[in-house]
Protein chains: 2
Amino acid sequence: MDDRPAPERRQTLGALLRLPYEALQREVYGGLAARGFPEIRPAHSAVFRHIAPGGSRLTALAERAGMTKQSMAYLVDGLEAAGHVRSLPDPRDGRARLVTLTAKGEKVVAALLELGAEAEARLAGRIGAKRAARLRRALEEWVAAIEQDRRAR
Amino acid sequence: MDDRPAPERRQTLGALLRLPYEALQREVYGGLAARGFPEIRPAHSAVFRHIAPGGSRLTALAERAGMTKQSMAYLVDGLEAAGHVRSLPDPRDGRARLVTLTAKGEKVVAALLELGAEAEARLAGRIGAKRAARLRRALEEWVAAIEQDRRAR
DNA sequence: CTCTTTCGTCAGGGGGACTGACGATTGATT
DNA sequence: AATCAATCGTCAGTCCCCCTGACGAAAGAG
């Protein structure tokens, strides 16, 4: 039924980013599930990525993740219910909630870093270490350019 | 409030893909809105990317996009209501719906390709044409590796 | 001490994906 | 030719994850 491999048209840069990104995400979150954390979903990385060692305020997490505090609260509540995170009243500010990782949450962070590194190593084995390194460098420059634009905005 | 630029830890490959991808998406869909198509959202690209010149069946679209037919129907219905797509009964199969682009939809596809090309050109201006070309090639190889794995699965 | 700002929450909504069940149609197998 | 399984699209319901608006409580500026 017209399921031929597509006219082999030049792929857009968007597709070239999306496909690896999705594949990587499947690897990482599949691996996380295999390690006993099936409840962690991609959206949760917004928390794990931005939480500070000594704990972070909800508002700070939201701002760093570029989302509303309501959305961040939704994610944090889920992680708290699952025991990855705990939130205590900030002793220095009666309004604030200080979100910190539990031991379980620390393990997730470690697993996320490991799985990411493993995936990158597999990529290097697949397309060549040199090419993978150049890919990383090019992406780093792109990201740097984006952040520069954002600051200049 | 602890909003320092982060410990400058080595970024994960996931972040290095996600940030450019999101930036690119903002550029492309912002540009589309500026050209008079504010109703087109990223999810709609699943339709525009996979629709065949002579029209495609809903089921075929869903399969190529890797989603359920219900989800694809949701997207197609939206595009049809906005006049980008039209769906007629397939003369060769009384069950099927043949989805085709309208003239308006064709313009969107053209705009999407243009905006993508513009963004890539801007990237080349930003990080260097050579580096951008190498980045594209590395991503193409990665995508090819992914598809090979998928077929071998 | 008042007034403004900030913190987190409550309430509601929408987009975009999913599963399960189903009627209509098709096409293959007797 | 009749039956029966597979396929097409839809209906109904759900979930996740993001949003906006409004608000009480607490902090901080004047």
Side-chain angles (χ1 to χ4, degrees), chain A residues 1-3 18 21-22 25-26 29 32-33 38-52 55-82 85-100, chain B residues 1-3 18 22 25-26 29 32-33 38-52 55-82 84-100:
Chain A
M1 148 122 9
D2 191 6
D3 233 354
R18 196 186 71 253
Y21 178 59
E22 289 173 354
Q25 203 156 285
R26 275 192 300 275
Y29 289 88
L32 218 48
E39 70 277 21
I40 304 294
R41 275 167 308 227
H44 294 134
S45 72
V47 181
F48 291 121
R49 267 201 311 274
H50 295 104
I51 197 165
S56 296
R57 288 195 179 178
L58 190 59
T59 300
L61 285 176
E63 189 183 344
R64 285 182 226 165
M67 62 174 61
T68 62
K69 46 194 181 168
Q70 292 95 320
S71 298
M72 181 53 76
Y74 168 78
L75 296 175
V76 166
D77 287 350
L79 289 177
E80 184 162 21
V85 123
R86 141 187 14 117
S87 68
L88 308 165
D90 185 336
R92 286 181 300 293
D93 189 334
R95 299 164 298 178
R97 203 173 142 182
L98 213 52
V99 183
T100 58
Chain B
M1 149 118 14
D2 192 2
D3 233 353
R18 197 186 70 253
E22 290 173 354
Q25 205 157 288
R26 276 193 300 275
Y29 288 88
L32 217 48
E39 71 277 21
I40 305 294
R41 272 160 310 202
H44 294 134
S45 71
V47 181
F48 291 121
R49 267 201 310 274
H50 296 106
I51 197 164
S56 297
R57 289 194 179 179
L58 190 59
T59 301
L61 285 176
E63 189 184 344
R64 284 182 225 166
M67 62 172 62
T68 62
K69 46 193 181 170
Q70 294 95 321
S71 299
M72 181 53 76
Y74 169 78
L75 296 175
V76 166
D77 287 350
L79 288 178
E80 185 163 19
H84 297 285
V85 124
R86 140 188 17 118
S87 66
L88 308 164
D90 185 335
R92 288 181 299 292
D93 189 335
R95 300 164 298 179
R97 205 172 141 182
L98 213 52
V99 183
T100 57

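Lettering follows sequence order; numbering is per chain, from 1.
- For the pair Glu63(A) CD and dC19(D) C1', the interatomic distance rounds to 17 Å; values are reported in whole Å.
- Taking every heavy atom of both residues into account, Leu61(B) and Val47(B) meet most closely at CD2-O, 4.3 Å.
- One can place CG of Leu61(B) at 12 Å from P of dC8(D), the figure rounded to the nearest angstrom.
- Taking every side-chain heavy atom of Thr59(A) into account, dC7(C) is the closest of dT10(D), dT9(C), dC7(C).
- Once rounded to the nearest 0.5 Å, the distance linking CZ of Arg41(B) with CG of Leu32(B) reads 12.0 Å.
- Atom CG of Asp90(A) is separated from atom P of dT6(C) by 17 Å (rounded to the nearest Å).
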Would you mind building the protein contact string for nucleotides 22-30 of chain D? One character per nucleotide, 5' to 3', B for base within reach (heavy atoms under 4.0 Å), S for sugar-phosphate only, - for untouched.
---BBS---

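- Residues forming a side-chain contact (heavy atoms from CB on, under 4.5 Å) with Tyr21(A) (at least two apart in sequence, or on another chain): Gln25(A), Leu17(B), Arg18(B).
- For the pair Arg57(B) CZ and dT7(D) P, the computed distance is 12 Å after rounding to whole Å.
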Could you go over nucleotides 12-17 of chain C and give all protein N or O partners under 3.5 Å, atom names and distances?
none

Show me the side-chain donor-acceptor pairs of residues 71-80 of chain A shorter than 3.5 Å, one per line, residues at least two apart or across chains.
unit_1: Ser71(A); atom_1: OG; unit_2: Thr68(A); atom_2: OG1; d: 2.9
unit_1: Asp77(A); atom_1: OD1; unit_2: Arg97(A); atom_2: NH2; d: 2.8
unit_1: Glu80(A); atom_1: OE1; unit_2: Ser87(A); atom_2: OG; d: 3.2
unit_1: Glu80(A); atom_1: OE2; unit_2: Ser87(A); atom_2: N; d: 3.2
unit_1: Glu80(A); atom_1: OE2; unit_2: Ser87(A); atom_2: OG; d: 3.3

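- The distance from atom CG of Leu88(B) to atom C1' of dG9(D) is 15 Å, rounded to the nearest whole Å.
- In this structure, Arg64(B) contributes its side chain and His50(B) its backbone to a donor-acceptor pair below 3.5 Å.
- The distance between atom CG of Leu98(A) and atom C1' of dC7(C), rounded to the nearest whole Å, is 12 Å.
- One interatomic measurement links the two molecules: CE of Met72(A) to P of dT9(C), which rounds to 13 Å at whole-angstrom precision.
- Interatomic distance, Lys69(B) NZ to Thr59(B) OG1, rounded to the nearest 0.5 Å: 5.5 Å.
- Whole-Å rounding puts the Leu58(B) CG to dC11(D) P distance at 12 Å.
- Among residues two or more places apart in sequence or in another chain, the side-chain contact (heavy atoms from CB on, under 4.5 Å) test is passed with Ala82(B) by Glu39(B), His84(B).
- Leu98(A) CG to Asp90(A) CG: the interatomic distance, rounded to the nearest 0.5 Å, is 5.0 Å.
- In terms of the side chain to side chain donor-acceptor pair (under 3.5 Å) criterion, residue partners of Arg95(B) (sequence neighbours excluded) are, by chain and number, Asp93(B).
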